[in-house]
Structures are given as C-alpha cells and as structure tokens.
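One structure is given below, encoded as structure tokens.
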Amino acid sequence: MRYRLIGGILAVLLLAALPAAAFAQLAIGITVNTAPPPLPVYVQPACPDVGYLWTPGYWAYGDGDYYWVPGTWVLAPQPGLLWTPGWWGWSGGVYAWHAGYWGPQVGFYGGIDYGFGYSGNGYGGGYWRGNNFYYNSSVNNVTNTTNITNIYNSPPPHRAASPVSFNGGQGGVRAEPTAAQLAQQHAQHVAPTAAQQRQEEAASRNREMRAAVNGGKPPVAATVRPGEFSGKDVVAAVAAGGPVHAAHPAARLATSERGSER
C-alpha cells in the first residue's frame with residue numbers, strides 16, 4: 001500500500017513536470033444518432049515487453065460509419081500514468097464520444113466492460129511501483145517472462161461480461177461516476193500518445209474495420225503494437241458481440257480544446 005501511495009505521488013510530480021502542450025489537444029467531438037455496435041469478442045495478444053500497458057479496442061466514428069480501433073499494447077508517456085479508455089454516452093438524444101486520457105488514476109469510462117482488467121470500474125490489470133509496472137497475469141496475457149518479471153496473480157470477482165459499448169439510453173450501461181472519478185475527470189490529463197493516434201488513423205483508413213463491412217466482427221481486433229495490422233501477431237475477433245445497425249450522424253459537430261473530450 002505504501003508503495004502504491006509513493007507511486008501516485010511520483011505520478012503527480014511527473015504530470016506537473018510535463019509541458020502544458022501535453023494536457024491540451026484540439027478535439028473534435030461528434031454525436032451520432034445510432035448506438036455504437038456491441039464490443040466484439042477477442043483474445044488479448046501477448047504483452048511485447050516490459051513497460052507496455054494494455055489499451056482496449058473501441059468503436060470510433062467517421063465518414064458515416066463506426067469503425068473498430070483495435071486494442072493494443074502501448075508504452076505509457078511516463079512511469080506512473082494509467083490509461084482511462086474513451087467511451088460513448090447517451091445524452092440529449094444522441095450518442096457522444098468522451099476521449100480517453102492518461103493520468104495517475106483511472107477515471108470514469110462509462111461503466112463499459114472492455115475486458116482485460118477494465119471491468120467497467122477502475123483497472124485491475126496492474127499497478128505502478130516507482131518506475132516499474134506490475135502485471136496481473138489473471139487478466140493480462142504475459143508470456144515473455146524472461147524480460148517481464150514483475151508479475152502477480154489476482155483473479156477478479158467472477159461476473160458476466162457484457163458486450164454493450166455505450167452508457168445510458170435504451171440498452172446502455174447504467175453507471176455514474178463516483179466523486180473520486182469526477183475529480184479525476186476534471187484534473188489535468190495527458191493526451192493519447194502519437195502511437196495511439198496512429199492506431200486510430202490506421203483503423204480509419206482500413207475499410208475492413210468499418211462495422212458495415214465486418215458486421216461487428218473485425219478481422220483485426222487487437223494488435224501487439226500500434227499500427228501493426230498484419231502479421232502473425234494480429235488477433236482477429238472471435239465473434240461479434242451482437243447485431244450491428246447502420247449509423248447515422250447527428251447534425252452537431254462540436255470543437256473544443258479539452259484533452260478529455262472529442
């Protein structure tokens with residue numbers, strides 16, 4: 001417990017030391033009339049090396065359709081930082097995207113069960129102790145035990161996984177942020193890394209990632225490293241999480257300079 005507290009303090013100091021540009025990004029927020037597809041079923045590729053953290057896959061939107069951004073292993077911007085996934089939420093008659101971010105604590109991500117430690121509340125996949133990340137092997141695929149030695153095993157409570165990919169509205173996840181998560185949501189964040197942005201850009205250009213083409217079962221559901229969409233380490237979806245409906249964009253397109261929304 002003492003080590004985790006020290007790691008949290010170090011993370012706050014690291015955030016303070018980062019340039020201001022790391023906390024703000026020009027973000028374009030789009031709202032859509034149709035709910036995002038259910039999350040596909042897939043397995044996690046093996047962690048490539050020490051220091052890589054898992055960022056789960058998600059449905060993004062562009063050019064009139066949802067498209068799948070594969071989950072991948074990413075190097076954290078700084079030791080001590082954890083990833084809060086982005087999420088879709090129903091509000092005002094439309095589905096709006098809330099972008100993910102890096103911070104010393106995992107914030108609210110809509111209660112979405114992304115799997116692999118992201119059960120909808122917090123993160124059970126590991127923790128920082130100083131500059132070292134400790135991996136929970138019960139939810140992470142860690143096979144390179146020659147290089148990755150900081151491993152522990154803490155099985156999460158048994159619960160039925162849900163493929164629902166949005167919060168609120170008809171059929172959505174019913175979850176609200178806690179006071180601590182609200183505080184984290186309004187704290188300073190570090191934007192997605194360049195590697196994460198490349199992952200989303202590559203997915204947006206790949207026609208096979210589009211829900212209308214893959215029917216909710218993308219041929220590339222997860223990758224070992226960002227941008228690597230081919231090769232033996234690419235993981236295809238096992239199955240779609242449910243039926244996919246044609247997406248229709250709403251009339252609104254909001255622009256802001258907040259790192260936590262787009």
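FYI, side chains are in, hydrogens and waters are out, and symmetry mates aren't considered; it's all heavy atoms of this structure.
Listed by first and then second residue, the salt bridge (charged side-chain N to carboxylate O under 4.0 Å, His left out) pairs that reach into residues 56-68 are Asp63-Arg210, sequence neighbours excluded. Sequence neighbours left out, the pairs with a member in residues 107-116 that pass side-chain hydrogen bond (donor to acceptor under 3.5 Å, both in side chains) are Asp113-Arg159.
Two residues are said to be in side-chain contact when any heavy atoms from C-beta on lie closer than 4.5 Å; Ser119 and Pro156 fail this criterion. Residues Trp128 and Leu53 form a side-chain contact, since some pair of their non-hydrogen atoms from C-beta on lies under 4.5 Å apart.
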Side-chain donor-acceptor contacts of residues 221-247 below 3.5 Å, not counting sequence neighbours, with atom names and distances?
from, atom 1, to, atom 2, distance (Å)
Thr223, OG1, Thr72, OG1, 2.9
Thr223, OG1, Gln199, NE2, 3.2
Thr223, OG1, Arg225, O, 2.9

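Phe108 meets the ring pair (Phe, Tyr, Trp, His ring centres under 6.0 Å) test with Trp87; sequence neighbours excluded. Under the rule for a side chain to side chain donor-acceptor pair (under 3.5 Å), Asn132 has no partner lying at least two apart in sequence or in another chain.
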### Task
Under the side chain to side chain contact (heavy atoms under 4.5 Å, CB included) rule, what do Thr193 and Leu75 come out as? Steps first, then yes or no, please.
CA-CA 9 Å; Thr193 66; Leu75 285 171; over 6 Å; no

#### Entry: side chain to side chain contact (heavy atoms under 4.5 Å, CB included) between Asn214 and Glu208, intermediate numbers included
CA-CA 6 Å; Asn214 60 49; Glu208 292 184 330; 5.9 Å; no

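Between the side chains of Ser137 and Asn153, at least one donor N or O sits under 3.5 Å from an acceptor N or O. Of the N and O atoms on the side chains of Asn121 and Gln181, at least one donor lies less than 3.5 Å from an acceptor on the other residue.
Tyr42 and Phe116 have tilted rings, their planes meeting at an angle from 30° to 60° on a 0 to 90° scale. The aromatic rings of Trp88 and Trp97 sit tilted relative to each other, their planes meeting at an angle between 30° and 60°.
With hydrophobic clusters built from ILVMFWY side chains whose heavy atoms lie under 4.5 angstrom apart, Val69 does not share a cluster with Val41. Residues Val220 and Val213 do not share a hydrophobic cluster, defined by chaining ILVMFWY side chains whose heavy atoms lie under 4.5 Å apart.
One distance of note links OH of Tyr118 with CH2 of Trp83; it measures 8.5 Å at 0.5 Å rounding.
The hydrophobic cluster analysis finds Val139 isolated: no Ile, Leu, Val, Met, Phe, Trp or Tyr side chain comes under 4.5 Å of it, directly or through other members.
Here the options are Tyr67, Phe166, Trp68, Tyr66, the test is ring-ring contact (aromatic ring centres under 6.0 Å, His included), and the partner is Trp59; only Trp68 passes.
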